[in-house]
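Data first, discussion second: the structure below is written as structure tokens.
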Amino acid sequence: EEPRMTGLIANKAMILAAGLGRRLQPITINTPKPLVMVAGKPIIGYAIDHFVKAGLERLVVNVHYLADQVITYLEDRDDIEIIVSDETNQILDTGGGIKKALPFLGNKPFFTCNSDIIWHDKYEEALEGLLSAWKDNNMDALLLLKPTESAFGYNGKGDFFMEPNGMVTRKNAGESAPFVFAGLQLIKPNIFEEYPEKPFSLNKVFDKLLSSERLFGFVYNGNWLHIGDIDGLEIAEDYFGGHSNSK
């Protein structure tokens, strides 16, 4: 089956896999969060499979905690070029991790993906939806958004509101918002230029893009699972138990 998206605006992705996964203890005492198993497959494997099917040509994965295990798993994948961005000595947070990996990500927009999420049902919609909604002249980042109330394993109050044109605004403290950032986005490399090579959060970048009205969202209506803690892991296992024929 021919990959459908080759040659489009984005052909590289980064998976953020350096986190400590403390809320998944005791499992993560000996297993890094990206390798926690859900329905017989490591969490990170779902995202890699989606990127391979989409025809992406390169994947960058940052590692820090129990890095050797993640690297060993990645070395066994021969279906896509994978470059490891090593943060063993210092964890750089989401923004700093991307900044360090920029030399491997080229000069076009690229995907970033958190390693504690699985987008499953209608999964093509996530990547294709972001690509088709991308408008290079007025966006610097395009976030995959999931309606807060239908997000499996997520019990927060959402992150963003969305204007009719797709522009997002952040909720105020104490408010509830209809959409949660689903951990997958398209983002331009040049917006990281002004940041120093040290730890910083992607939220810092989002705040800057919000103030310049260049942060947009695309709503994903497939099933989305957040495996941030033990409850989320149990919900994910139950979900796949009921969808065992649709992997």
Side-chain angles (χ1 to χ4, degrees), residues 1 13-54 56 58-88 91 93-94 97-98 101 111-127 144 146 150-156 180-185 220 222-247:
E1 150 183 29
M14 177 165 186
I15 299 179
L16 301 167
L20 303 174
R22 286 197 182 102
R23 288 182 304 148
L24 275 165
Q25 285 183 359
I27 298 168
T28 47
I29 292 172
N30 298 311
T31 304
K33 182 167 66 171
L35 298 188
V36 170
M37 301 297 270
V38 173
K41 187 193 288 193
I43 299 171
I44 195 173
Y46 289 89
I48 296 175
D49 288 350
H50 295 337
F51 288 134
V52 169
K53 284 194 182 116
L56 265 63
R58 173 182 285 178
L59 194 52
V60 179
V61 183
N62 66 340
V63 295
H64 169 76
Y65 177 65
L66 300 177
D68 294 352
Q69 289 184 45
V70 183
I71 292 167
T72 300
Y73 171 77
L74 296 173
E75 282 172 350
D76 283 344
R77 304 273 324 204
D78 55 5
D79 44 3
I80 187 169
E81 182 194 13
I82 298 179
I83 291 175
V84 171
S85 180
D86 191 338
E87 295 177 25
T88 316
I91 194 165
D93 203 348
T94 46
I98 295 169
F111 292 102
T112 77
C113 177
N114 295 351
S115 62
D116 58 359
I117 58 156
I118 296 173
W119 71 100
H120 177 246
D121 177 45
K122 299 191 276 209
Y123 67 85
E124 309 91 338
E125 261 181 35
L127 298 175
L144 193 73
K146 180 71 190 146
S150 63
F152 289 104
Y154 174 80
N155 49 19
V180 56
F181 171 45
L184 180 71
Q185 65 171 332
Y220 174 61
N223 288 326
W224 177 82
L225 304 112
H226 178 241
I227 302 116
D229 54 26
I230 298 292
D231 285 349
L233 183 59
E234 285 173 5
I235 290 166
E237 286 289 356
D238 289 348
Y239 166 84
F240 279 102
H243 291 73
S244 52
N245 299 324
S246 59
K247 271 186 215 163

Practice item. Using the ring of Tyr65 (Phe, Tyr or Trp, six-membered ring only), decide whether Lys33 places NZ or CZ under 6.0 Å from its centre and within 45 degrees of its axis. Key: no
Check your understanding: Could you give the distance from CG (Asp93) to NE2 (His64), rounded to the nearest 0.5 Å?
Key -> 11.5 Å
Check your understanding: Hey, is the main chain of Asp116 close enough, under 3.5 Å, to the side chain of Asn114 for a donor-acceptor pair?
Key -> no
Check your understanding: Relative to the ring of Phe152, is the ring of Tyr239 parallel (under 30°), tilted (30 to 60°) or perpendicular (over 60°)?
Key -> tilted
Check your understanding: What are the two closest heavy atoms between Pro32 and Val70, and how far apart are they?
Key -> CG-CG2, 3.6 Å
Revision key, fill the gap. Interatomic distance, NZ@Lys146 vs CG@Asn223, rounded to 0.5 Å, equals 6.0 Å
**Study point:** Donor-acceptor pair, side chain of His50 and main chain of Ala126, under 3.5 angstrom
**Key:** no
**Study point:** Student check: side-chain heavy atoms of Ile230 and Ile27 closer than 4.5 Å
**Key:** yes
Practice item. Determine the interplanar angle of the His120 and Phe240 rings, folded into 0 to 90°, and report it as parallel if under 30°, tilted if 30 to 60°, perpendicular if over 60°. Key: perpendicular
Point to revise | Point-to-point distance, once rounded to the nearest 0.5 Å, from CG of Leu225 to CG of Asp238 | key: 10.5 Å
Exercise for review: Kindly say whether Ala39 contributes a backbone atom to a donor-acceptor pair with the side chain of Glu237 at under 3.5 angstrom?
Suggested key: yes
**Study point:** Nearest heavy atoms of Gly228 and Leu24, plus distance in Å
**Key:** O-CG, 4.0 Å
Check your understanding: Are Pro34 and Tyr73 close enough that some pair of their side-chain heavy atoms sits under 4.5 Å apart?
Key -> no
**Study point:** Heavy-atom pair with the smallest gap, counting every atom of Ile91 and Gly19
**Key:** CD1-CA, 4.3 Å
**Study point:** Sidechain N-carboxylate O distance under 4.0 Å for Lys53, Asp79
**Key:** no
Check your understanding: Roughly how far apart are Tyr220 OH and Leu184 CG, rounded to 0.5 Å?
Key -> 9.5 Å
Exercise for review: Walk me through it: do Asp49 and Arg77 pass the test side chain to side chain contact (heavy atoms under 4.5 Å, CB included)?
Suggested key: CA-CA 10 Å; Asp49 288 350; Arg77 304 273 324 204; 2.6 Å; yes
Exercise for review: For the pair Thr28 (side chain) and Arg22 (backbone), establish whether a donor and an acceptor sit closer than 3.5 Å, ignoring hydrogens and angles.
Suggested key: no
**Study point:** pair Val180-His226: side-chain heavy atoms closer than 4.5 Å
**Key:** no
**Study point:** Distance in Å, Glu234 CD paired with Asp229 CG, rounded so as to fall on 0.5 Å steps
**Key:** 9.0 Å
**Study point:** Non-hydrogen atoms of Glu87 and Ala18 that approach each other most closely
**Key:** OE1-CB, 4.1 Å
Exercise for review: Considering non-hydrogen atoms only, spot the tightest contact between Ile15 and Ala47 and give its length.
Suggested key: CD1-CB, 4.0 Å
Check your understanding: What pair of heavy atoms forms the shortest contact from Val60 to Ala101, and how long is it?
Key -> CG1-CB, 3.7 Å
Check your understanding: Do the non-hydrogen side-chain atoms of Val38 and Tyr46 ever get within less than 4.5 Å of each other?
Key -> yes
Exercise for review: Would you please name every residue forming a ring pair (Phe, Tyr, Trp, His ring centres under 6.0 Å) with Phe181, sequence neighbours left out?
Suggested key: Phe206
Practice item. Calculate, to the nearest 0.5 Å, the distance between atoms CZ and CD1 belonging to Phe51 and Ile80 respectively. Key: 8.0 Å
Check your understanding: Does the side chain of Asn62 reach to within under 4.5 Å of the side chain of Ile98, using non-hydrogen atoms?
Key -> no
